[in-house]
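Working notes, structure below.
Both ligands and their constituent atoms are indexed starting at 1 by order of listing. Numbers here simply count residues along the sequence, with the first being 1.
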Amino acid sequence: MKLIFEKSRTGRRAAAVPKPDLPVPELPEELRRRQPPRLPEIAEPEIVRHFTALADRTFGVDTGFYPLGSCTMKHNPRVNERVVALPGFRDLHPLQEEDGAQGALELMWRLQEILAEVCGLGAVSLQPAAGSQGELTGLMLMRAYFADRGEGEQRKNVITADTAHGTNPASVTMAGYTLQKVETDARGNLDLDDLRAKVNEETAGLMLTNPSTLGLFDEHIEEVAAIFHEAGALLYYDGANLNAVCGISRPGDMGFDIVHINLHKTFSQPHGGGGPGGGPVVVRDILEPFLPVPAVVRDGERFRLDYDRPKSIGKVRGYCGPFGVFVRSYAFIRAYGPALREMSEVAVLNANYMLARLKETYELPFDRLCMHEFVLSARRLKREHGITALDVAKRLMDYQFHPPTIYFPLIVPEALMIEPTETEAKETLDAFCDAMQQIARDAAEHPKLLKEAPHHRPVRRLDEVKAAKRAIVRYRFDDHPDLTGGPSEGEALEAQKGA
Ligand SMILES: Cc1ncc(COP(=O)(O)O)c(C=O)c1O
C-alpha cells in the first residue's frame with residue numbers, strides 16, 4: 001500500500017473552505033516558518049479510500065476475538081459513547097467554575113465512592129491517566145508516608161514477584177526504590193520462604209498483582225500481608241486484574257494499603273492503540289493526606305475541589321484527570337449495578353471453560369483452576385515439532401483471531417497467556433479452542449504451514465524488534481525525489497516503508 005505522501009499531487013484538495021475574515025495574529029519573527037509545511041495534497045475520494053483501506057487492515061476488539069492476556073480487551077458498550085457525548089459532559093471546560101460543573105464533580109465523587117467500596121479502602125484519587133501512572137503515584141504515596149514517619153532513608157526496597165508486569169519494576173526504579181524480586185513456588189503462589197528472607201526493616205513494601213499474571217489467586221495472601229505489616233511495610237495492589245474479583249474479594253480485605261485500578265480494562269474504555277486510560281489510586285485512610293490535589297469532595301449537597309492538603313504529593317496530571325474515561329466507567333458500573341460481581345464471575349467461568357478445553361493439548365505449567373485468564377505453554381510443540389509460541393500466535397491470525405499475549409510471564413517457557421473476558425459468546429470461545437487444537441495437529445502434520453503463517457494478512461512476519469526500536473514516524477521529503485510531479489519510485493522510498 002502506498003504512503004499518503006506518495007499519493008500526493010500538487011494542488012489537489014479535499015475541500016476548500018474560505019479563509020476566515022479575521023486579523024492575522026502577530027507572531028515573533030523567530031517563531032515564523034520560513035516555508036509552509038509540506039503536507040500531502042490529495043483529493044477527497046482518495047483520502048477517504050486511503051484511510052478506509054488503512055482501517056480495513058487493522059484489527060480491534062470490534063473486528064474479532066482479542067484474547068490478549070493481561071489487557072482485558074472486552075466489548076465497549078456503545079451506550080457509554082452516547083453518554084460521554086452529552087453536551088453537558090462533552091463541552092465542559094476543565095477550568096469551568098465549580099458552580100457550573102456540579103454534575104461533573106458529582107459524577108467524579110460518586111465514582112470515587114464506588115471505587116473505594118470495590119477495593120475495600122477509604123480514599124481515592126482519580127488523577128492518574130494509566131495503570132503505570134497509578135503505579136508511580138502509589139509508590140510516591142508510599143515514599144511520602146515513610147518520609148512523614150521519619151523512615152524515608154531507612155525504607156529503601158520494594159519487592160515484586162518474578163511474574164510481575166514490566167511496568168512494576170520500572171515504576172519501582174522510577175520512584176527511587178531498589179527492586180527486589182521474589183520467586184514463585186510450585187503452585188504458582190509467592191514463595192513464602194524466599195519472601196521471609198527478603199522482608200526486613202529496610203523494606204518499604206510489596207507490589208503484587210492478585211490474581212497474578214499467571215491468572216492464579218495467591219493462596220497465602222493473608223500470610224503475605226502479615227509478613228509485610230509486621231515489618232512495618234506497606235502492600236501495593238496492581239489492580240490491572242481487577243476484572244477477576246469485582247464484588248467477590250477486595251484488595252483492602254486481603255491486606256493491601258494502596259491499589260491502582262485500570263479503568264480502561266475493568267470498566268471498559270476503548271484502549272489498545274495508546275488511547276486514553278484511567279489509573280485511579282485507592283488507599284487506606286492513613287495514606288489519604290498524601291493523595292494528589294485537587295481532591296473532589298462533598299460539602300452537604302455541593303461538590304468542590306479541595307486543594308488544601310499540605311502533605312499532598314502534588315499533581316500527577318493536568319486538571320482532575322481523564323474525565324471522559326470517568327464518564328464511561330461510571331456509566332458502565334451503573335449499568336451493571338450489583339451484577340458487577342456477575343461480570344467477574346462470567347469472566348472467570350469463560351477462562352476456566354477454555355482452560356478445560358485446551359489443557360490436554362497444550363501444557364499447563366500450574367495445574368489449578370484459573371481466575372479470569374490462564375497461561376499455557378507451547379513447550380511440547382517446540383520440543384517435538386520445532387513449533388514455537390510465536391508460530392501458534394501467527395497461525396491464529398489466519399483464523400481471524402488476535403493472538404494471545406506470548407512469552408509473558410517470563411517464568412513460563414513458550415508462554416501463551418489467554419484472557420477471554422466476560423463479553424464473548426460460547427461459540428466464539430469454542431471456535432478459538434477448535435483453532436488452537438487444529439494448530440496443535442498441524443504442528444505435527446504440516447509444520448511448514450505454521451512456520452510461514454500468517455498467510456492471509458496484509459503483512460507476514462516482520463522484524464518486530466527493528467519495528468519497535470527503529471520506528472520511522474517522520475517522512476523526510478528532503479531525502480526523497482520530488483513527489484509532486486508524478487508517481488514516485490526508488491529504493492529510498494521503499495526503504496522508508498520497510499526499514
Ligand atoms: C498486570 C499489569 N499491571 C500494570 C499494567 C499497566 O497498565 P497501563 O497499560 O494502563 O499503563 C498492565 C497493562 O497491561 C498490566 O497488565
- Message: What I want to find out is whether D391 reaches K394 closely enough, with some N-O distance under 4.0 Å, to be called a salt bridge.
- Response: no
- Salt-bridge test for K469 and D463: reply yes if a basic N is under 4.0 Å from a carboxylate O, no otherwise. no
- Minimum-distance pair of heavy atoms, taken over all atoms of R309 and E288: NH1-OE2, 3.8 Å
- Query: Given L192 and E223, is the side chain to side chain contact (heavy atoms under 4.5 Å, CB included) satisfied, shown in steps?
  - Reply: CA-CA 9 Å; L192 287 182; E223 218 171 324; 3.6 Å; yes
Contacts table for ligand 1: protein N or O within a distance under 3.5 Å of ligand N or O, distances only.
from: ligand 1; atom 1: 3 (N); to: D238; atom 2: OD1; distance (Å): 3.2
from: ligand 1; atom 1: 3 (N); to: D238; atom 2: OD2; distance (Å): 2.6
from: ligand 1; atom 1: 7 (O); to: N262; atom 2: ND2; distance (Å): 3.1
from: ligand 1; atom 1: 10 (O); to: G131; atom 2: N; distance (Å): 2.8
from: ligand 1; atom 1: 10 (O); to: N262; atom 2: ND2; distance (Å): 3.2
from: ligand 1; atom 1: 10 (O); to: H264; atom 2: NE2; distance (Å): 2.8
from: ligand 1; atom 1: 11 (O); to: G131; atom 2: N; distance (Å): 3.4
from: ligand 1; atom 1: 11 (O); to: S132; atom 2: N; distance (Å): 2.8
from: ligand 1; atom 1: 11 (O); to: S132; atom 2: OG; distance (Å): 2.7
from: ligand 1; atom 1: 14 (O); to: H165; atom 2: NE2; distance (Å): 3.3
from: ligand 1; atom 1: 14 (O); to: K265; atom 2: NZ; distance (Å): 3.0
from: ligand 1; atom 1: 16 (O); to: S70; atom 2: O; distance (Å): 3.1
from: ligand 1; atom 1: 16 (O); to: S70; atom 2: OG; distance (Å): 2.6
from: ligand 1; atom 1: 16 (O); to: K265; atom 2: NZ; distance (Å): 3.1

- Query: Less than 4.0 Å between a side-chain N and a carboxylate O, is that true for K156 and E202?
  - Reply: yes
- Side-chain contact, heavy-atom cut-off 4.5 Å: L263 with L115? yes
